[in-house]
Undergrad: 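Just dropping this structure here.
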Amino acid sequence: SPTPVQGSEFTLDVDMVIAAIGQAPETSFLSSEPGLAEGGNRIVTKDPDALATPLAGVFAGGDAVTGPATAIKAIAAGKRVASSIALYLKGEDKSVPETVEERESPKLDSGVVEKTGRFSRCSDSSLPIDTRLKSFDEVVSVLSEDIATQEALRCLHCYLGARVDQDKCISCLTCVRVCPLSIPKAGKMGEINLDPFYCQACGICALECPVRAIDIDLHSHGRIVQYTEMAMKHSPEGAAAIVGFFDLHGNFTAEDLKGLKRDYPGIVPVPVFGLRRLDTLHVLKAFEFGADAVLFATCPQERDPFPETRDKVERCIMHARAVAGALGLESERLVMCPMPEQGLIEPAVIDELIQKIKEMGPNPLQA
């Protein structure tokens, strides 16, 4: 609870004072119902599972019942209360069907943590005390878009990683060899087991699988194709269409994307969670949808959670160039370039690619 700081008092001439320090729930409206509020600070529940109060038809949960706790616990209480209310309105037993079991969340193995890129937590910015006393400016500002994006990308994507289609899997053990975290394990009969909690969705196993038996829940193969097709449908006609696959681990914002579309209407940006998600199919689909060229923009190496996999991405692009060449597409239509420390791509790279397209002509597959 707040403690006074001696000598910090000051006087302000005001017309009204509203105290809103948020240390306890407002329970005065329950004063007419004895037994509902405990010492005026907490709402009482007689059933810890159903979260029913002593007053029939009244349920409660969250900090007002438990005191300060985490947001996820408040959400869980809300779901339990919703189930209890539904049963109550049906005239059934108010207790939930299954008692909620408190389980300790699993922890990542130290080996997985050591091999995964670590990024510092983003800190919020607050005004100095002297500045606060002279204005009504926001004391603690929200995270800017680029910093909020950086913070979100620190997520390890637990349970959103690789899934193996056992009907397609040929037990070649390629995924076992290429995984940077050593997550896939081969069983006694050669079957591949992937723990979705430990998998960090890097995408290398899906990229290297020769029979496409592996996909990633977070940004799957099919979803990338859908994004590309949708983006191409909304691209302006007349300009040379360049599909740009931009690694979301780069340091760019929505304003950078708007600026790119404004300055280069022919660029069709398709952000992806790492270029490791892309294979030859995505490149060919881009050309099938009408692209005249495909651009691969890699994030700065210091922002890549799996920098040791870059050589595999380069090898995939080389293979895509070979397949495109067999179809009559010049290899110059596939360009790979690094993203700057901030922003999407250097204008000189785009200008050079547009000039090459003018010299080569439009996509011959569309003819």
Side-chain angles (χ1 to χ4, degrees), residues 116-117 119 145-146 149-150 152-157 160-163 178 180 199-209 212 214-235 241-254 256-258 260-261 264 267-289 291 293-301 303-321 324 333-340 343-345 349-350 353:
T116 304
F119 302 94
E145 182 186 345
D146 56 338
T149 302
Q150 292 177 37
L153 288 173
R154 296 176 64 243
C155 172
L156 296 179
H157 310 310
L160 291 176
R163 295 290 189 274
V178 302
C199 175
Q200 302 307 306
C202 78
I204 280 295
C205 59
L207 172 66
E208 296 285 338
C209 180
R212 296 178 66 85
I214 302 178
D215 205 353
I216 306 293
D217 279 9
L218 180 70
H219 226 173
S220 64
H221 286 306
R223 190 168 298 176
I224 295 174
V225 172
Q226 291 174 1
Y227 287 164
T228 307
E229 183 178 17
M230 188 181 305
M232 284 296 298
K233 286 182 178 179
H234 290 87
S235 63
I242 302 172
V243 169
F245 291 112
F246 293 96
D247 194 325
L248 276 169
H249 291 91
N251 188 13
F252 63 90
T253 66
D256 293 317
L257 288 171
K258 290 180 181 178
L260 180 70
K261 293 179 180 179
Y264 297 96
I267 298 289
V268 182
V270 180
V272 293
F273 284 99
L275 298 187
R276 298 173 300 276
R277 304 296 173 87
L278 303 175
D279 60 17
T280 305
L281 170 68
H282 300 111
V283 177
L284 297 181
K285 280 293 183 180
F287 285 119
E288 179 184 327
F289 297 145
V294 176
L295 175 68
F296 302 88
T298 61
C299 69
Q301 186 155 348
R303 294 175 61 89
D304 193 337
F306 301 100
E308 68 275 14
T309 62
R310 287 187 169 229
D311 61 328
K312 295 180 175 60
V313 175
E314 294 175 2
R315 191 169 70 246
C316 172
I317 294 175
M318 290 176 62
H319 181 261
R321 282 175 175 162
R333 293 182 185 271
L334 282 77
V335 176
M336 181 178 179
C337 68
M339 300 169 70
L344 285 167
I345 192 169
V349 175
I350 303 178
L353 182 54

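We use all heavy atoms of the structure for the numbers below, so side chains are in, but hydrogens, waters and symmetry mates are not. It should be emphasised that the depicted structure is a prediction, and the values quoted were computed from it without experimental measurement. If you read the sequence from its start, that first residue is 1, and numbering goes on from there.
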Undergrad: Do the side chains of Val272 and Phe296 get nearer than 4.5 Å, heavy atoms only?
TA: no
Undergrad: For His221, is there any backbone N or O sitting under 3.5 Å from a side-chain donor or acceptor partner on Asp215?
TA: yes
Undergrad: Minimum heavy-atom separation for His249 to Phe273, with atom names?
TA: CE1-C, 4.4 Å
Undergrad: Are any of the side-chain heavy atoms of Asp279 and Arg212 separated by less than 4.5 Å?
TA: yes
Undergrad: Could you state the interatomic distance from NZ (Lys312) to CG (Leu207), rounded to the nearest 0.5 Å?
TA: 9.0 Å
Undergrad: To the nearest 0.5 Å, tell me how far Glu308 CD sits from Gln301 CD.
TA: 9.5 Å
Undergrad: Closest heavy-atom contact between Ile214 and Ala206?
TA: O-CB, 3.6 Å
Undergrad: Backbone N or O of Asp217 within a donor-acceptor pair of the Arg163 side chain at under 3.5 Å?
TA: no
Undergrad: Is any side-chain heavy atom of Thr253 closer than 4.5 Å to one of Thr149?
TA: no
Undergrad: Counting only N and O atoms by type, is there a donor-acceptor contact under 3.5 Å from the side chain of His319 to the main-chain atoms of Arg315?
TA: no
Undergrad: Counting C-beta onward and ignoring hydrogens, is there a side-chain heavy-atom pair between Gln226 and Ser220 closer than 4.5 Å?
TA: no
Undergrad: Could you pull out the closest heavy-atom pair between Cys205 and Val178, with the gap in Å?
TA: CA-CG2, 4.2 Å
Undergrad: Which heavy-atom pair separates Pro300 from Gly250 by the least distance, and what is that distance?
TA: CD-CA, 4.1 Å
Undergrad: Just so I know, are the side chains of Phe246 and Leu260 near enough to count as touching, which here means a heavy-atom distance under 4.5 Å?
TA: yes
Undergrad: If you apply the rule salt bridge (charged side-chain N to carboxylate O under 4.0 Å, His left out), what do you find for Arg276 with Asp304, and how did you get there?
TA: CA-CA 11 Å; Arg276 298 173 300 276; Asp304 193 337; 3.2 Å; yes
Undergrad: Provide the closest heavy-atom pair for Phe252 versus Leu248 in the form atom of the first, atom of the second, distance.
TA: CZ-CD2, 3.9 Å
Undergrad: Heavy-atom distance under 4.5 Å between the side chains of Met339 and Arg303, does that happen here?
TA: no
Undergrad: Got a second to check how far Ile242's CD1 is from Tyr264's OH, nearest 0.5 Å?
TA: 10.0 Å
Undergrad: Which atoms form the tightest heavy-atom contact between Ala162 and Cys199, and what is the distance?
TA: N-SG, 3.2 Å
Undergrad: For the pair Val225 and His282, evaluate side-chain contact (heavy atoms from CB on, under 4.5 Å) and give the outcome as yes or no after the intermediate values.
TA: CA-CA 6 Å; Val225 172; His282 300 111; 3.8 Å; yes
Undergrad: Measuring only between side-chain heavy atoms, which start at C-beta, is Thr228 closer than 4.5 Å to Phe289?
TA: yes
Undergrad: Rounded to the nearest 0.5 Å, what's the gap from CG on Leu257 to CD1 on Ile267? Could you check?
TA: 11.5 Å
Undergrad: Is there a side-chain contact between Phe245 and Arg277 in this structure, where contact means two heavy atoms from C-beta onward sitting under 4.5 Å apart?
TA: no
Undergrad: Looking at CG of Leu275 and CD of Glu314, how far apart are the two atoms once the value is rounded to the nearest 0.5 Å?
TA: 10.5 Å
Undergrad: From Met318 CE over to Met336 CE, what is the distance, rounded to the nearest 0.5 angstrom?
TA: 11.0 Å
